[in-house]
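Contents: one structure, followed by commentary.
A, B, ... follow the sequence lines: proteins, then strands. Residue 1 opens every chain.
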Protein chains: 2
Amino acid sequence: MTVTIKDIARLANVSHTTVSRALNNSPLINDKTKNRIKQMADKLNYTPNVNAKGLVTLRSYNIGLFFSTLNTGTSANFFYDVVRGVNMVIKDQYNLVVKSIDEFESNYNRISSRQYDGIIVMSQTRSDRALIEHAISVGIPVVLLNRAAGDLHVGNILSDDLKGAYQLVDYIIRNGHRRVAIVEGREGFQSTIQRKNGYLEALKDHGIEPNPKLCIQGKYDVGSGYEAMRQLLKEELRPTAVFCSNDDMAVGAIKAIIEADLQVPEDISIAGFDDNVFAAYLSPELTTVKRPIDQISREGAAMIMRMIDLKLKATQEHAMSSVEHITIESVLVIRKSVSTITPA
Amino acid sequence: MTVTIKDIARLANVSHTTVSRALNNSPLINDKTKNRIKQMADKLNYTPNVNAKGLVTLRSYNIGLFFSTLNTGTSANFFYDVVRGVNMVIKDQYNLVVKSIDEFESNYNRISSRQYDGIIVMSQTRSDRALIEHAISVGIPVVLLNRAAGDLHVGNILSDDLKGAYQLVDYIIRNGHRRVAIVEGREGFQSTIQRKNGYLEALKDHGIEPNPKLCIQGKYDVGSGYEAMRQLLKEELRPTAVFCSNDDMAVGAIKAIIEADLQVPEDISIAGFDDNVFAAYLSPELTTVKRPIDQISREGAAMIMRMIDLKLKATQEHAMSSVEHITIESVLVIRKSVSTITPA
DNA sequence: ATAAATATTGTTCACGTGTGCATACCTTGT
DNA sequence: ACAAGGTATGCACACGTGAACAATATTTAT
């Protein structure tokens with residue numbers, strides 16, 4: 001039924017080893033026979049059996065792309081950009097296996113080095129630490145995106161969310177705003193904390209006392225942005241500007257403001273984070289921070305491939321190879337949702 | 001290093017066969033030894049070698065999720081919903097391998113039944129036919145989502161886009177609109193054609209002659225919706241309502257209208273398609289058609305699992321098993337972006 | 001021309017698992 | 001006590017591939 005290298009060998013009057021070598025482009029094989037065999041394989045529609053291959057080469061040709069969760073807290077645009085970015089780089093060399101970490105329920109035994117040649121962790125919370133430690137312990141190269149690796153011996157790529165948020169809030173304050181609120185991201189997410197800290201630092205540097213009433217917990221989804229804004233609107237002293245920790249929530253916030261018969265940015269300024277595809281097409285166009293998700297993903301994919309290659313070539317001396325850490329700057333994107341005011 | 005069933009066998013003083021049977025819950029094994037072995041395997045952190053397993057059982061435990069393309073034309077919300085829906089159902093039983101069909105460049109040889117136990121094709125264009133035929137020919141169960149299977153012998157789940165578009169446009173016309181434009185989806189996509197046809201049928205049933213100048217080609221992304229609307233605004237006889245073939249383009253269209261100092265829906269009514277997460281939070285809230293992507297994906301995942309199981313149990317008599325076809329209704333979601341007018 | 005070196009091909013085994021068949025143990029009925 | 005039947009376990013092989021080593025063919029150097 002399915003054709004194997006032994007079938008080809010029989011037809012070509014050679015041993016299966018020769019076929020194996022020919023198809024793997026071994027320099028040991030005569031070019032003439034090599035071509036003859038390759039052609040024959042092509043004609044017979046030969047497909048290598050990945051299981052048999054992996055069994056002996058100890059490879060799976062799978063790269064795992066792990067998200068903390070695929071439920072609330074992961075915005076669609078973010079997810080799409082990540083998968084696309086990674087897929088673009090690994091192309092047909094690997095299979096991209098998408099997983100949600102929370103589905104493992106803390107039982108990581110099923111994750112073995114024969115299952116994944118490498119794992120990219122799109123980290124949202126520190127709770128993925130156990131997973132990463134397990135992966136390392138079974139010898140799988142790991143690249144961690146989106147949060148600092150700390151003491152974990154893994155490749156690391158991150159965007160400087162704190163700095164991005166700082167620049168944005170600084171910009172807002174420089175436009176005359178003193179009562180600047182924040183709609184925070186999902187609780188426990190690293191990005192949530194980073195952006196909050198950037199916000200706090202900017203306030204501090206301008207001598208503004210943070211007001212807990214102006215810090216509302218969100219969940220990174222549109223609905224939570226809407227609810228958070230509604231809550232802010234109830235304050236006796238309304239904020240004049242609101243920093244939403246991502247663009248999705250900014251959409252919700254704008255909705256709540258318009259529903260209250262107010263205008264953005266005339267009555268309340270709004271800023272987001274991410275610069276997703278919609279940001280430039282909202283009304284008003286959203287001032288936000290561009291987080292280079294695309295770039296992070298592509299760099300991450302390239303890095304994991306480097307690490308896999310390195311591991312294959314590794315000898316004892318190189319066992320403890322060094323790992324790379326890359327930070328990609330986020331950039332402030334000024335549009336029209338933040339107005340200049342003269343403080344009262 | 002890594003523990004195999006032979007290691008367990010040695011420690012348990014049994015043959016590796018017994019271990020294999022015990023771990024696979026064979027009724028042949030005594031319950032006492034079975035438990036003893038299972039416990040031991042647990043303690044040793046045993047992980048089955050999927051390659052070895054697959055080599056003999058002819059399975060890969062991979063389910064392919066194939067998109068026509070991961071570039072323009074696939075909206076992020078759509079993509080996210082599909083992956084999440086499928087992943088939710090297959091859980092830890094299978095690996096979800098995400099692929100973009102266009103990356104194969106018409107060479108499908110690498111797709112074998114040992115690589116994928118089943119394939120879910122999220123079809124956007126008919127050009128995926130070759131891929132599907134290949135998959136069938138090598139014996140992989142296939143479920144086709146999003147477009148009619150026609151003569152292809154595959155599982156099929158689709159939403160009735162034509163009907164959905166018809167109902168929406170019918171609703172628009174019943175609100176007094178006669179000059180109803182359409183911003184079409186990406187050229188060649190089945191959904192584009194279906195929605196256009198629904199639009200045309202509705203016009204026809206109301207005795208309205210379709211006007212080619214009111215039919216603008218889009219690409220399903222925000223920017224193309226914006227451009228299309230700008231073009232429509234240049235018409236001497238502007239449409240009073242525009243049906244955008246998805247919500248993303250509706251966002252772009254609304255932007256163009258507001259930029260021209262006009263209002264939605266007072267000056268021009270807008271409707272979308274999909275009912276994505278943003279639809280309810282736009283201003284005005286978007287009237288659209290809810291396409292149950294989530295449900296389609298989940299049903300699709302469940303169906304492919306049924307087909308895989310069926311294939312495993314299949315005997316010669318059942319070789320040509322029947323395949324299921326399911327249609328899921330899309331539903332009109334009336335919000336506030338379409339106004340009632342009295343025709344001049 | 002012949003030994004040495006090189007290029008090319010073949011033999012055999014291993015990877016880790018599951019299964020058909022053989023075997024040993026245990027129960028039951030007589 | 002012994003055959004018959006069931007229950008529980010082991011043996012040997014197969015899956016398809018790649019690699020170490022052996023073997024043969026070809027070229028080069030003297």
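Within residues 4-27 of chain A, the residues approached by DNA chain C to less than 4.0 Å at the level of any non-hydrogen atom are A:N13, A:V14, A:S15, A:H16, A:T17, A:T18, A:R21, in residue-number order. In the region residues 33-43 of chain A, proximity to DNA chain D at under 4.0 angstrom, judged on heavy atoms, holds for none of the residues.
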Distances for protein N or O near nucleotides 4-6 of chain D N or O, under 3.5 Å:
none

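Under the rule for a side-chain hydrogen bond (donor to acceptor under 3.5 Å, both in side chains), the partners of A:S123 that lie at least two apart in sequence or sit in another chain are A:D128, A:R147. With sequence neighbours excluded, the residues satisfying side-chain contact (heavy atoms from CB on, under 4.5 Å) with B:N25 are B:K34, B:K38. With sequence neighbours left out, the side-chain contact (heavy atoms from CB on, under 4.5 Å) criterion links A:A302 to A:V89, A:R306. Applying the side-chain hydrogen bond (donor to acceptor under 3.5 Å, both in side chains) rule to B:S26 yields no partners; only residues at least two apart in sequence or on another chain are considered. In this view, A:R186 and A:T69, A:T72, A:F189, A:Y220 satisfy the side-chain contact (heavy atoms from CB on, under 4.5 Å) rule, not counting sequence neighbours. Considering only residues two or more places apart in sequence or on other chains, B:S297 meets the side-chain contact (heavy atoms from CB on, under 4.5 Å) condition with B:V82, B:V86, B:I293.
Remark: the A:T17 side chain and the A:S20 side chain contain no N/O donor-acceptor pair separated by less than 3.5 Å. A donor atom on one side chain and an acceptor atom on the other are found under 3.5 Å apart for A:T2 and B:R114.
First and last contacts of DNA chain C with chain B, using any nucleotide atom under 4.0 Å from a protein heavy atom and ordered 5' to 3', fall at C:dG16 to C:dC21.
In this structure, A:R59 atom CZ and D:dG16 atom C1' are separated by 18 Å, rounded to whole Å. Here the C1' atom of nucleotide D:dA14 and the CG atom of A:N49 are 13 Å apart, to the nearest Å. With rounding to whole Å, A:L58 atom CG is found 11 Å from D:dG18 atom C1'.
Of the two residues contacting DNA chain D, namely B:L55 and A:K53, the nearest-nucleotide position lying further toward the 5' end is that of B:L55.
Summary of helix geometry: the two end axes of the helix from C:dA1-D:dT30 to C:dT30-D:dA1, each defined by five base pairs via their C1' atoms, are inclined to each other by 40° (rounded to 10°).
Put simply, the side chain of A:K91 does not reach to within 4.5 Å of the side chain of B:E103, judged on heavy atoms.
Of the possible polar contacts, one joining the B:D7 side chain to the B:T4 backbone as a donor-acceptor pair under 3.5 Å is found. At distances below 3.5 Å, at least one donor-acceptor pair connects side-chain atoms of B:Q115 with backbone N or O atoms of B:R110. Between the side chain of B:K99 and the main chain of B:F104, no donor-acceptor pair closer than 3.5 Å is present. The backbone N or O of A:Y61 sits less than 3.5 Å from a side-chain atom of A:D117, completing a donor-acceptor pair. The main-chain N or O of B:V97 is never found under 3.5 Å from a side-chain atom of A:N95 such that the two would form a donor-acceptor pair.
Sorted by first and then second residue, the side chain to side chain donor-acceptor pair (under 3.5 Å) pairs with a member in residues 42-54 of chain B read A:N109-B:N45; sequence neighbours excluded.
Using a 4.0 Å heavy-atom distance criterion, B:L28 is classed as a base contact.
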